[in-house]
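The structure appears right after this line, and notes come after that.
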Amino acid sequence: MPEQKRQERPTVGRRWQRWLSRHFPAPYQIHPFTLRFRDAGIERAFIHGYDVNPVFLSRLALLSGLVIYSLFGFVDFMVMHDFHRELWSIRFGIGVPWILLGLALSLLPSLRPAYDWILLAVVQGVNATLVAMMVITQGAEGMLYLSGILLLLVYNFVAFRMRLWVATISAFLVIAGFLLAAPFGGYGNAFFMISGLFFLLFTTTALMFGATISELFARRHFVQSRLLDTQAKTDELTGLPNRRAFLQRLQAELARHRRYGAEFTLAMIDADHFKAINDRHGHEAGDRVLCEVGARLQRELRDSDMAARFGGEEFALLLSETSADRAITVCERIRQAICQRPIALNGSDKVELTISIGLATPAGDGHSVDSLLRQADDAMYQAKREGRNRVSAPD
Ligand SMILES: Nc1nc2c(ncn2[C@@H]2O[C@H](COP(=O)(O)OP(=O)(O)OP(=O)(O)O)[C@@H](O)[C@H]2O)c(=O)[nH]1
């Protein structure tokens with residue numbers, strides 16, 4: 001029995017997958033290695049949303065790195081007085097222009113998609129200069145430049161805000177660069193080479209671990225706030241947007257109308273004699289009918305339109321770029337889609353449902369969200385008074 005229990009224990013990989021699927025549900029799944037959202041649109045929203053401006057911050061980091069790198073020229077002078085000219089020609093003749101080139105390229109909007117790779121190139125260039133300076137100084141003094149590479153790794157993982165997988169590739173290229181120097185003159189002694197290599201490996205591991213954790217938590221926080229936001233704007237029963245989301249969209253559409261004269265029509269929909277359905281078939285059946293109404297509304301609309309549950313057995317539609325005349329045709333089609341096909345309940349029971357629809361179309365500037373809602377409501381009650389199961393628009 002204990003044997004069996006041990007076999008059932010999930011592997012680390014399984015647990016990792018489970019943790020990921022719990023915290024990153026569809027459509028927010030992330031790649032288990034790169035940690036990027038699989039959906040390109042979500043990835044873009046995350047990159048633009050979680051930092052004030054990642055490009056601005058990494059440009060600031062480039063600038064501060066440039067200052068620190070240049071200031072170490074004084075240390076060259078004080079500690080390595082004898083051959084500081086050679087060191088300075090590498091630092092100021094190659095390193096500084098290389099960082100400046102990176103900074104200049106970062107200012108070009110057309111290179112924005114390649115920005116991470118520009119940063120990677122800057123890191124590799126600076127690393128090459130530090131390695132060259134280590135080869136020139138040889139031995140214990142070279143420790144100074146090893147510290148420089150460790151600092152470079154901190155910039156690589158933390159300050160430059162590169163995507164984690166690019167930063168990881170960059171860090172391993174830095175280590176490869178350190179090893180590459182061995183055949184070209186080396187560092188004076190094997191002790192320095194081996195201890196330096198271990199320093200670089202352990203620092204990379206620690207920074208990678210820290211960067212992975214903070215990346216994961218930043219992404220989890222992003223997903224949680226998106227889920228909460230969606231929850232706050234979604235009607236639990238039908239899955240349609242709720243009143244709050246609808247009013248936000250209506251406000252935006254009205255602003256577009258005022259600014260550009262964009263046409264749109266608001267429709268309020270109320271199920272007829274819905275109380276009778278609840279009374280005869282029960283509240284649960286009533287819920288099922290509301291869900292089906294929501295699904296049919298959504299099926300009938302264009303992607304650019306919006307259907308929402310406004311409350312109770314009342315729904316609202318926002319038909320963008322739609323005149324009053326065209327809206328009457330659309331709503332007639334919707335009315336028929338509801339009343340011509342009975343709605344199946346549990347078992348073989350079916351109910352027939354009709355709806356009454358009231359329209360409001362803004363004309364000119366004198367409209368507010370409230371006045372439009374009132375107008376559509378009035379039209380809807382007129383449809384009820386005139387016998388229900390119809391579309392009514394104000395004259
Ligand atoms: N099942 C269910 N019923 C709801 C829900 N919200 C509101 N209702 C019911 O919808 C009914 C609305 O009744 P009324 O306002 O009298 O309107 P009606 O019976 O549709 O009659 P008319 O609008 O005049 O055609 C009430 O019985 C509410 O309890 C809901 O989420 N689920």
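Residues: numbered from 1 along the sequence shown. When a ligand or atom number is given, it counts from 1 through the structure's own listing order.
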Task: Donor-acceptor side-chain pairing of R335 and N389 below 3.5 angstrom - done: yes
TODO: Find all atoms of ligand 1 within a distance of less than 4.0 Å from any non-hydrogen atom belonging to G286, and give their numbers and elements.
DONE: 1 (N)
Open item on the list: I need the atoms of ligand 1 closer than 4.0 Å to a non-hydrogen atom of D270, numbered in the order shown.
Closed with: 23 (O)
Task: Which segment of A271 sits under 4.0 Å of ligand 1 when only heavy atoms are counted - done: backbone
Open item on the list: Could you identify the single nearest non-hydrogen protein atom to atom 22 (P) of ligand 1 and state the distance to 0.1 Å?
Closed with: K384 NZ, 3.3 Å
Open item on the list: Tell me the protein heavy atom at minimum distance from atom 15 (O) of ligand 1, and give that distance in Å.
Closed with: E313 OE2, 3.9 Å
Task: Nearest-contact summary for atom 21 (O) of ligand 1 - protein heavy atom, Å - done: H273 N, 3.5 Å
- [ ] Answer yes or no for R219 and F24: cation-pi contact, defined as NZ/CZ to six-membered ring centre under 6.0 Å and angle to ring axis within 45°.
- [x] no
Open item on the list: Strictly below 4.0 Å, N to O, side chains only: are E321 and R256 in salt-bridge contact?
Closed with: yes
Task: Distance-only donor-acceptor check, side chains D272 and S356, under 3.5 Å - done: yes
Open item on the list: Taking 4.0 angstrom as the limit and counting only heavy atoms of G312, give me the atoms of ligand 1 inside it, by number and element.
Closed with: 6 (N), 7 (C)
Open item on the list: Closer than 4.0 angstrom, basic N to acidic O: yes or no for R296 and E300?
Closed with: no
TODO: Please could you name the atoms of ligand 1 that D272 approaches to less than 4.0 Å, counting only its heavy atoms?
DONE: 20 (O), 25 (O)
TODO: Among all protein heavy atoms, pick the one closest to atom 24 (O) of ligand 1 and tell me residue, atom and distance.
DONE: R388 NH2, 2.9 Å
TODO: State, without any angle test, whether R161 and S58 hold a side-chain donor-acceptor pair at a distance under 3.5 Å.
DONE: no
Task: Any residue meeting ring-ring contact (aromatic ring centres under 6.0 Å, His included) with Y155, in chain and number order, not counting sequence neighbours - done: F160
Task: Option of least heavy-atom distance to atom 30 (C) of ligand 1 (set: L290, N389, D235) - done: L290
Open item on the list: In terms of relative ring orientation, are F92 and W88 parallel, tilted or perpendicular, with 30° and 60° separating the classes?
Closed with: perpendicular
Task: For atom 20 (O) of ligand 1, the protein heavy atom that lies nearest, with its residue and separation - done: F274 N, 2.7 Å
- [ ] Could you tell me the residue and atom name of the protein heavy atom closest to atom 3 (N) of ligand 1, and the distance to it rounded to 0.1 Å?
- [x] N278 ND2, 2.8 Å
Task: Which segment of R309 sits under 4.0 Å of ligand 1 when only heavy atoms are counted - done: side chain
TODO: For the residue pair Y145 and D76, confirm or rule out a side-chain donor-acceptor distance under 3.5 Å.
DONE: yes
Open item on the list: Just to be sure I'm reading this right: ignoring hydrogens, which of T238, D279, L237, D287 gets closest to atom 2 (C) of ligand 1? Compare them by their nearest heavy atoms.
Closed with: D287
Task: Any side-chain donor near an acceptor of the partner, T265 and T322, under 3.5 Å - done: no
Task: atom 16 (O) of ligand 1 - nearest protein heavy atom and its distance - done: K275 CD, 4.1 Å
